[in-house]
Number of protein chains: 2
Amino acid sequence: MPLTRKGAATRQRIVEGAASEMRRLGVFSLTLDDVLRRTGTSKSQLFHYFPGGKDELLLAVARYEASGVLGDQQPELSALNSWSAWRSWRDKVVERYRDQGPNCPLNAVMGQLGPTSEGARAVVRELYAQWQGELAAGIRSMQSQGEIEPALDAERGARALLAGVQGGVLIHLTTGSLEHLEAALDQGIEFLRRPRAQA
Amino acid sequence: MPLTRKGAATRQRIVEGAASEMRRLGVFSLTLDDVLRRTGTSKSQLFHYFPGGKDELLLAVARYEASGVLGDQQPELSALNSWSAWRSWRDKVVERYRDQGPNCPLNAVMGQLGPTSEGARAVVRELYAQWQGELAAGIRSMQSQGEIEPALDAERGARALLAGVQGGVLIHLTTGSLEHLEAALDQGIEFLRRPRAQA
DNA sequence: AAAAAACTGGACTTGTGGGTCCATTTTCGC
DNA sequence: GCGAAAATGGACCCACAAGTCCAGTTTTTT
């Protein structure tokens, strides 16, 4: 069942509208009618494009949002090959979440763990994997330049940094403060720069 | 409206049963009937003790769970005054989340941000504040013993560590792996131990 | 022990939101 | 331009879960 040009546009409009409404209302209270009203479409259209109903739609939204998360960190994230790149990546991350304000569609969708569970999990898992991969690549790049000690395990460092960022964002969601995200980023990067102790 | 002995017991039974069902089903699909069935109570009882309905119940569950989170880290968390205490605290945290498996009632409740929103936020905010306070106290204690450089900002260090832990737990929820939590804890603690660079 | 207050059971109401159906219109390939 | 396939509108259904009510029982208080 190929999509016609118009069909593809409508489908896209629905996903974007749903994402937008979700930021406004949160997943919890997002209803299909909200989406329809927002996008000027009808139920039959929604179910035409998402036969799986709400779950399938939410999954599509999750994918849409996930792609944005990494995209917003470019081009820095893919080229962490100088300390100034790291710094400007750090600033971009903080900026992104400052703008987004205290609501994270992705985290919200995850909370909706229902039948969607496996699918949503997979999307987020993939996001983490890519993110961590980019960070690890950045660390290795700095190591090859002699700016980071070769003894440091790049994957492990990337894991810790990613955890810090995720936690910082999570805390931002509930407290509205970016202090934790900043602290995690700054200390994470400082950790990389500092030579290991000769333990 | 004072509670009789029996009433208090029933109320408590409801909260604990709800918490337990929530771990099983997630907030999303937790219904009041589930709670009633589980606790052998009736609707009128539930609304008798929680006039605010589901929201109020969820809030009570959140408080209940929040108190457990810090409790499970004791006594280490309140006495982070030696490296071995830090290590054993670290192990306890990892253990706790290993046991709990990939579901976090608190995070789940947060996802349910509705009218409860403000109340739930407050509960979690308070939890973070206490947690961070204990960590900061631990850092200061180590500084007073000369084990951590006095130049380090204790609150900032506590923030970064807390963010790492939260992120590690969050990632655990979706990936099922504890690697990130461990990496964040280990690097966070190592960061504290290592002398600052003479930048 | 008797009255008041707290507690309990369970039937009932109700709003809502996901999902279905089908008739009609538009788009697309040839 | 014509027929098939895709797209659309909107009325309809229905399950289900939150919340109400009140009659009856147990506990507390004096």
Side-chain angles (χ1 to χ4, degrees), chain A residues 1-18 21-22 24-62 108-109 111-117 119-120, chain B residues 1-18 21-22 24-62 108-109 111-117 119-120:
Chain A
M1 42 148 124
L3 287 189
T4 184
R5 190 182 235 96
K6 191 177 181 185
T10 300
R11 197 196 127 103
Q12 184 63 13
R13 199 168 81 244
I14 291 176
V15 172
E16 288 173 9
E21 284 296 274
M22 206 159 90
R24 223 167 46 82
L25 305 168
V27 194
F28 34 103
S29 54
L30 173 74
T31 94
L32 293 188
D33 292 311
D34 290 327
V35 177
L36 301 185
R37 222 174 309 117
R38 173 67 144 78
T39 60
T41 46
S42 69
K43 271 248 173 91
S44 67
Q45 296 182 67
L46 199 154
F47 279 86
H48 180 65
Y49 296 110
F50 305 93
K54 194 176 189 182
D55 283 348
E56 193 176 340
L57 173 60
L58 287 180
L59 197 53
V61 171
V109 171
Q112 182 79 356
L113 285 173
T116 327
S117 167
Chain B
M1 44 151 127
L3 288 188
T4 74
R5 192 179 235 99
K6 192 175 179 187
T10 301
R11 197 196 128 104
Q12 185 62 13
R13 200 168 81 245
I14 291 176
V15 172
E16 287 173 10
E21 284 296 274
M22 207 160 89
R24 224 167 45 82
L25 305 168
V27 194
F28 35 102
S29 53
L30 172 73
T31 98
L32 293 187
D33 291 311
D34 290 328
V35 177
L36 302 184
R37 220 174 308 116
R38 174 65 145 78
T39 61
T41 47
S42 70
K43 273 257 171 83
S44 68
Q45 298 181 66
L46 199 153
F47 279 86
H48 180 66
Y49 297 109
F50 305 93
K54 195 177 189 181
D55 283 349
E56 192 176 340
L57 173 61
L58 288 181
L59 197 52
V61 171
V109 172
Q112 182 79 354
L113 285 172
T116 328
S117 166

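Numbers restart at 1 for each chain; the letters A, B, ... are given by sequence-line order, proteins then strands. This one's a predicted model, so the numbers in the text were calculated from it and none came from an experiment.
Closest to the side chain of A:K6, out of C:dG18, D:dA7, C:dC7, is D:dA7. Nearest to the side-chain atoms of A:S44 among the listed nucleotides D:dT8, D:dA18, C:dT8 stands D:dT8. Set against C:dT20, D:dA7, C:dG17, the side chain of A:F47 has C:dT20 as its closest nucleotide. Comparing D:dT8, C:dC28, C:dT8 against the side chain of B:Y49 picks out C:dT8 as the nearest. Side-chain proximity of A:Q45 to the nucleotides D:dA7, D:dG9, C:dG10 is greatest for D:dG9. For B:H48, counting side-chain heavy atoms from C-beta on, the closest listed nucleotide (C:dC28, C:dC7, D:dA6) is C:dC7.
Atom NZ in B:K54 sits roughly 14 Å away from atom C1' in C:dT16 (whole-Å rounding). B:R5 places its CZ atom 15 Å from the C1' atom of C:dA6, with the value rounded to the nearest Å. Atom CG in A:D33 sits roughly 13 Å away from atom C1' in C:dG15 (whole-Å rounding). Per the geometry, CD belonging to A:E56 stands 11 Å off P belonging to C:dG19, to the nearest Å. B:L32 has its CG atom 15 Å from the C1' atom of C:dG10, to the nearest Å. Spacing between atom CZ of B:R13 and atom C1' of C:dC7 amounts to 12 Å, rounded to whole angstrom units. In this entry the distance linking CG of A:L46 with P of C:dT20 reads 12 Å, nearest Å. As rounded to whole Å, 14 Å separates atom C1' of D:dG19 from atom CG of B:L57.
Taking for each of A:A8 and B:G52 the nucleotide of DNA chain D with the nearest heavy atom, the 5'-most of the two is the partner of A:A8.
When the side-chain nitrogen and oxygen atoms of B:T41 are compared with OP1 and OP2 of C:dG9, none of them lie within a distance under 4.0 Å. Considering only side-chain N and O atoms, A:K43 lies nowhere under 4.0 angstrom from the phosphate OP1 or OP2 of D:dG10.
Inter-residue side-chain proximity for B:L58 and B:M22 is flagged as met; some heavy-atom pair is nearer than 4.5 Å. Here the side chains of B:T31 and B:K54 are not in contact, with every heavy-atom distance at 4.5 Å or above.
At the heavy-atom level, B:F50 lies nowhere under 4.0 Å from the strands shown. Within 4.0 Å of A:L30, counting heavy atoms only, lie sugar-phosphate atoms of the nucleic acid but no base atom. Among the atoms of the strands shown, only primed sugar atoms or phosphate atoms (P, OP1, OP2) are found under 4.0 Å from some heavy atom of A:T31.
Remark: B:T10 pairs with no residue by the side-chain hydrogen bond (donor to acceptor under 3.5 Å, both in side chains) rule, at least two apart or across chains.
Taking every heavy atom of both residues into account, A:L30 and A:A18 meet most closely at CD2-O, 4.4 Å.
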Requested in this report: Please test A:L46 against A:T41 for side chain to side chain contact (heavy atoms under 4.5 Å, CB included), starting from the C-alpha separation and ending with a verdict.
Outcome: CA-CA 7 Å; A:L46 199 154; A:T41 46; 5.7 Å; no
